[in-house]
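Scroll down for the structure; my scribbles are underneath it.
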Amino acid sequence: MMVKSPVQQICFAHYPPIWVKRDDLADPFISGNKFRKLKYHLIKARTLHRHHLVTFGGPYSNHLLAVAAAASREGWKATAFVRGEEVHNEMLLLCRLFGMRFYFTERSLYKNKAALFDLHFGKDPEAFMIDEGGAGWEGARGCMEIVEELDTSFDHIFCAAGTGTTAAGLHAALHQKQSNACLHVIPVLKGIDLIDTIKAQHPSSSLSLQYHTHYHFGGYAKTNESLLQFICDFTAQTGLLVDPVYTGKMFYAIYDLIGKGVIPEHQKVLAIHTGGLFGILGMKDRFRTYVEH
Ligand SMILES: *Cc1c(COP(=O)(O)O)cnc(C)c1O
């Protein structure tokens, strides 16, 4: 990102205003936290003169699109192992336009990423492996910069979590700043404990961390009527697009917690908008009934 992403205030329904860190504005394709998470991977690849990015993801992965776009801008190659059988969708079409190649990989093989990389690219001196979602320390390091860019302080900072890499970066940076903020993490997968991942850099930090396990809506990419209705109302009233997989669940959680009094009304809340708006395309049919009435 050339300049830091803005922090904007939004008002929704009868709730008090909250602030949003607009990482979704960073780039249309290398969206939000994917930009943050790729930054140090790209620096490393550049340093090592490895100009073929090899990565992994599901067929609607925002990460794949980010890697495809980033590689093409550098003049590099990109290949992705895509989980499951061959499919065609809008996300993969965009990836293809950026020149990405795919290996559709059945689930049992997909699990062993290092083996897949070695089998296909072990002898390619240009190949540079990036884990699914840009996870790992490089990814978290990039996400620390979200906090480093903030110039006011907040009582509560919220983010959605898939791998927990973004949350780990926020945790590390808030710890370093000796912040009094409480970090709220909304896992979007069901039954997943990311607390060790989030605290990896500073396991005994006294930073306050709240891990909210009740906003996954049934699991990854699962939704229900109230989430879809919330997203439609929220977007129409605030002008902020959110996706049903990540940020929709986070904003739902924020207003639910404010409504229940868990977050006191006068305290300052910051939501990290991690981008990923093409996720909407994965659910276009489910949305239709809400927007065409
Ligand atoms: C990938 C993604 C996340 C998950 O980030 P993690 O660092 O894996 O926890 C959150 N929000 C959006 C919009 C994403 O695309």
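Because only heavy atoms are used, hydrogens play no part in the values below, and waters and symmetry mates are left out as well, while side chains stay in. Just so you know, ligand 1 is whichever comes first in the structure, and atom 1 is the first atom listed for that ligand.
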Modelled atom types, side-chain donor and acceptor of Q201 and H171, under 3.5 Å: no
Heavy atom of the protein closest to atom 11 (N) of ligand 1 (residue, atom name, distance): T274 OG1, 2.7 Å
Contact partition for N33 relative to ligand 1, non-hydrogen atoms under 4.0 Å: side chain
Between F217 and Y252, ring centroids under 6.0 Å: yes
Side-chain donor-acceptor pair present, R83, T105, cut-off under 3.5 Å: no
Ligand 1 N/O within reach of G164 N/O, cut-off under 3.5 Å: yes
Pi-cation contact, F35 with K4 (under 6.0 Å, within 45°): no
Shortest protein contact, atom 8 (O) of ligand 1 (heavy atom only): T163 OG1, 2.6 Å
4.0 Å heavy-atom contact, K37 with ligand 1: yes
Sub-4.0 Å heavy-atom contact, G275 with ligand 1: yes
Contact check: G162 vs ligand 1, nitrogen or oxygen atoms, below 3.5 angstrom: yes
same_hphob_cluster(V7, Y15) at 4.5 Å side-chain heavy-atom cutoff: yes
Ring geometry between F158 and H212 (parallel below 30°, tilted from 30 to 60°, perpendicular above 60°): parallel
Ligand 1 N/O within reach of T247 N/O, cut-off under 3.5 Å: no
Nearest non-hydrogen protein atom, atom 10 (C) of ligand 1: Y246 CD2, 3.3 Å
Test of ring centre spacing under 6.0 Å for H120 and Y103: yes
Residue and atom name of the nearest protein heavy atom (relative to atom 7 (O) of ligand 1), distance in Å to one decimal: T166 OG1, 2.7 Å
Under 4.0 Å to a heavy atom of G276 - the qualifying atoms of ligand 1, by number: 13 (C)
T213, L170, T166, I198 screened by side chain to side chain contact (heavy atoms under 4.5 Å, CB included) with V185, the one that passes: I198
Nearest-neighbour protein heavy atom for atom 14 (C) of ligand 1, which is reported as residue plus atom name and distance: K34 NZ, 2.8 Å
